[in-house]
Amino acid sequence: QVQLVESGGGLVQAGGSLRLSCAASGNTFDINFMGWYRQAPGKQREVVGTISESGRTYYVDSVKGRFTISRDNAKNTVYLQMNSLKPGDTAVYYCSAHIILKGEVYWGQGTQVTVSS
């Protein structure tokens with residue numbers, strides 16, 4: 001089992017920045033990669049980006065150049081730095097942990113990010 005606790009959401013004006021954190025606990029040594037997803041009202045959950053054990057990152061095109069995922073292995077924490085935020089980034093953001101061999105995916109509780117125009 002893996003537990004994920006997110007923090008850092010809030011209300012920000014367009015053009016502003018926020019940093020989300022996701023602290024993992026439990027069987028963290030089994031995690032292959034972690035991700036950030038978001039879900040806007042009336043829309044499906046979509047991937048924002050992922051980071052592997054080795055630190056390799058992937059970003060969806062809409063956030064490339066604006067968002068950065070990083071990790072602190074000593075703290076078992078993953079971060080999502082969001083810059084140049086747009087109203088279209090408004091959503092509930094979820095952290096995820098993926099264990100490939102076991103086919104398991106764990107989710108955080110979600111944190112609201114609201115960008116005003």
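The chain is numbered in sequence order, starting from 1. Remember, it's a predicted structure, so these values are computed and weren't measured experimentally.
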Do Q39 and Y37 get their side chains close enough for a donor-acceptor pair, meaning under 3.5 Å?
no
Residues in salt bridge (Lys or Arg N to Asp or Glu O under 4.0 Å) with E46, at least two apart?
R38
Any chance you could measure E104, atom CD, to N27, atom CG, to the nearest 0.5 Å?
8.5 Å
So which heavy atom on A24 is nearest to which on I31, and how close?
CB-CD1, 4.5 Å
CZ-CZ distance between R56 and F33, expressed to the nearest 0.5 angstrom:
13.0 Å
Which atoms form the tightest heavy-atom contact between S21 and T77, and what is the distance?
CB-CG2, 4.3 Å
About how many Å separate CZ of R19 and CG of L80, when rounded to the nearest 0.5 Å?
10.5 Å
For S17 and N83, work out which heavy atoms get closest and say how close.
OG-OD1, 2.9 Å
Salt bridge flag under 4.0 Å for residues D89 and K86
no
Which heavy-atom pair separates T57 from I69 by the least distance, and what is that distance?
CG2-O, 3.7 Å
Any side-chain heavy-atom pair from Y93 and Q112 closer than 4.5 angstrom?
no
With a 4.5 Å limit on heavy-atom distance, are the side chains of I99 and Y106 in contact?
yes
According to a 4.5 Å side-chain heavy-atom criterion applied to Ile, Leu, Val, Met, Phe, Trp and Tyr, with indirect links allowed, do V92 and L11 form part of one hydrophobic cluster?
no
Just verifying a value: how many Å separate T50 OG1 and N32 CG, rounded to the nearest 0.5 Å?
11.5 Å
E6 to T111 - nearest heavy-atom pair and separation:
OE1-N, 3.7 Å
Note, L4 side chain near V2 side chain (heavy atom, < 4.5 Å):
yes
Quick test of your reading: applying ring pair (Phe, Tyr, Trp, His ring centres under 6.0 Å), list the pairs with at least one residue in residues 38-92, sequence neighbours left out, ordered by first then second residue.
none
Decide side-chain contact (heavy atoms from CB on, under 4.5 Å) for V12 and T114; before the verdict, give the C-alpha distance in whole Å, the side-chain angles of both, and the deciding distance to 0.1 Å.
CA-CA 6 Å; V12 64; T114 302; over 6 Å; no
Separation of M34 CE from N76 CG (nearest 0.5 Å)
8.5 Å
Tell me, with the steps shown, if C22 and W36 meet side-chain contact (heavy atoms from CB on, under 4.5 Å).
CA-CA 9 Å; C22 174; W36 287 98; 3.6 Å; yes
Heavy atoms of P87 and S117 approach each other most closely as CG-CB, 3.9 Å
